[in-house]
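Only this structure's heavy atoms are used, side chains among them; waters, hydrogens and symmetry mates stay out. If you're wondering where the values come from, they're calculated on a predicted model, not measured in any experiment.
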Amino acid sequence: MRLRPSSFSRSLLVGALALTTVLSGAPTVHAAPVVTGCLDQSVTGSVEEQRLDNGVAGGPSVPAQILQRSGFDHQVALFTRLLCTMPNPQAAAILVHAQGEALWRTATHRAQHPVTGTDALPATDDRGLYWARLSMALALRQWQPRFGLGTSERADLIRSLEYTSRGITGSAFSPGVRKILVTGFDPFTLDADIRIGNPSGANALTLDGQRWTINGTTYQIQTVMFPVRYTDFDESMVENALAPHYRPGPQHADLVMTASQGRVGVFDLEVYNGRRRSVSSIGDNNNLWGGGTINAPVVSPSMPAGPEWLTSSLPLARMAQADVTPFRTRVNTSVLEIPAGQTAPVRQPLGPTPGSIASEGTGGGYLSNEVAYRNTLQRDLLDPSMPAGHLHVPVLSFDPANKTEITDPTYETNREDIVRGAHAVLRQALR
């Protein structure tokens, strides 16, 4: 059964959000707290959640440092304390929904306002949201409630946390404005460096709820954040998030742009999106592989019917004129295809040839390409006139000399420059 909010729990929703505000100045608690009698810490988290303990030996983990220095440790502690008081499944469902949405609102508010504190991470740092969500998901996984909770019911609660804390349930637009939807991604390749963030996620946090007036027209921007996990894509998270904004009605958008981290030093405006997965060199954040290779690319089992290739309908030439200093922009048309009647992949710098199989879109063969394809497929299925496409932002890097600290001036300047450039590219699309 699915746990849904009931009318009973509206007061719990208000109380949970009010308690969040009251405790905003509470003493710091490092990472997910131990609550005896409520959490069974012998329950193993997902591969992604297990990284919460990763870090330098003898000190707090890297995720714990990020949580503390971004202030999200307060919300993790609050969530766990409230979870331990839940009297029934209905109350738990409302709590999870409320706290998930509160986590997203806290992250977007933080990203758009000055941050105080000598040791605080800068406002645009996206990593606190990521590690807070994982901490809360692990708490749900280890939670031993005072009432019966089945496996599917627990999974529903975790799914509710995922959707609410990613902005998916809060992406509604206001009337009387032009409507823009932008997406980002979680950090990934964390086994290579547990410290990293994702500038496409930072960009999404800085944009959510913003209103821009350009050439006399007011635009409202809403954003969502996607996980770097094949399972969520296979369970149609992208379609669930984007399809409402392609259908007729008050939430119909006027432009949808997905975004992810791509290549060093360049904003890539991706032209051609391929239908298949082909990356075999890295797994997702749960160390799962998509199942394909460049010689034998595969289609996600949940992918709706569609053509082998889809094309961006964003105003790419105009967007490429944005000032993204110190980076550059590129309208990228290079794909890797298996030509019709052949078996080996061939690089095509000017786009796919008729009848070919997609090994890599211009955005590659990983989830960046797949979110771009799923986005433009929804466009073709529901509103072919919609401007839609994908932006790859530059890679976010630490100072090469920094091997252990969770931030440094190079990293912070790099992220600010990427976010500023991404804003400039989007503004050009709206001119």
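- In this structure, OG in S171 is found 12.5 Å from NZ in K179, a value given to the nearest 0.5 Å.
- Listed by chain and number, the residues in a salt bridge (charged side-chain N to carboxylate O under 4.0 Å, His left out) with R178 are D254 (sequence neighbours excluded).
- Using modelled atom types and a 3.5 Å distance limit, the side chains of D383 and H252 yield a donor-acceptor pair.
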Carefully, step by step, assess R159 and D156 under the rule salt bridge (charged side-chain N to carboxylate O under 4.0 Å, His left out).
CA-CA 5 Å; R159 182 180 186 274; D156 284 343; over 6 Å; no

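- Side-chain contact between F327 and V264: absent, with no pair of heavy atoms (C-beta onward) separated by less than 4.5 Å.
- Here the CG atom belonging to L426 is positioned 11.0 Å from the CD atom belonging to Q210, to the nearest 0.5 angstrom.
- Checked by atom type and distance alone, the side chain of N198 pairs as donor or acceptor with a backbone atom of S200 at under 3.5 Å.
- For the residue pair T353 and Q348, no side-chain donor N or O sits within less than 3.5 Å of a side-chain acceptor on the partner.
- In summary, the side chains of S61 and D53 do not present any donor paired with an acceptor at a separation below 3.5 Å, with no hydrogens or angles considered.
- Using a cut-off of 4.0 Å between Lys/Arg side-chain N and Asp/Glu carboxylate O, E412 and R415 are scored as salt-bridged.
- Contact of the Y246 side chain with the L181 side chain is not registered, since no non-hydrogen atoms from C-beta on lie closer than 4.5 Å.
- Inspection of the S160 and H97 side chains reveals no N or O donor paired with an N or O acceptor under 3.5 Å.
- Ring geometry, H113 versus H109: the interplanar angle falls under 30°, so the pair is classed parallel (tilted spans 30 to 60°).
- Looking only at atom types and distance, the side chain of S260 has a donor-acceptor partner in the side chain of H390 under 3.5 Å away.
- Side-chain contact annotation: R69 with T407, donor-acceptor N/O pair under 3.5 Å absent.
- For W104 and T169, the side-chain atoms include no donor-acceptor pair closer than 3.5 Å.
- By the 4.0 Å N-to-carboxylate-O rule, R133 lies close enough to D186 to be salt-bridged with it.
- Salt-bridge annotation for R263 and E270: present, with a side-chain N of the basic residue lying under 4.0 Å from a carboxylate O of the acidic one.
- A donor-acceptor pair shorter than 3.5 Å can be found between the side chains of Q428 and R431.
- Screening residues 335-357 for salt bridge (charged side-chain N to carboxylate O under 4.0 Å, His left out) gives R347-E360 as the qualifying pairs, with residues at least two apart or on separate chains.
- Salt bridge status for R51 with D191: present, with a side-chain N to carboxylate O gap under 4.0 Å.
- A cation-pi arrangement is absent between R277 and Y230, since the terminal nitrogen or guanidinium carbon is not both under 6.0 Å from the aromatic centre and inside a 45° cone about the axis.
- Formation of a donor-acceptor pair under 3.5 Å by the S359 side chain with backbone atoms of I294 is found in this model.
- A donor-acceptor pair shorter than 3.5 Å cannot be found between the side chains of D232 and Y163.
- Of the N and O atoms on the side chains of T217 and N215, not one donor lies less than 3.5 Å from an acceptor on the other residue.
- For the residue pair S313/R379, the side-chain donor-acceptor check at 3.5 Å is satisfied.
- Note that CD of Q112 and CG of L207 are 7.5 Å apart. Values are rounded to the nearest 0.5 Å.
- Separation of atoms CZ (R330) and CZ (F267) is listed at 13.0 Å; rounding is to 0.5 Å.
- Using a cut-off of 4.0 Å between Lys/Arg side-chain N and Asp/Glu carboxylate O, R420 and E416 are scored as not salt-bridged.
- Classified by interplanar angle (parallel below 30°, tilted 30° to 60°, perpendicular above 60°), the ring pair W212/H423 is tilted.
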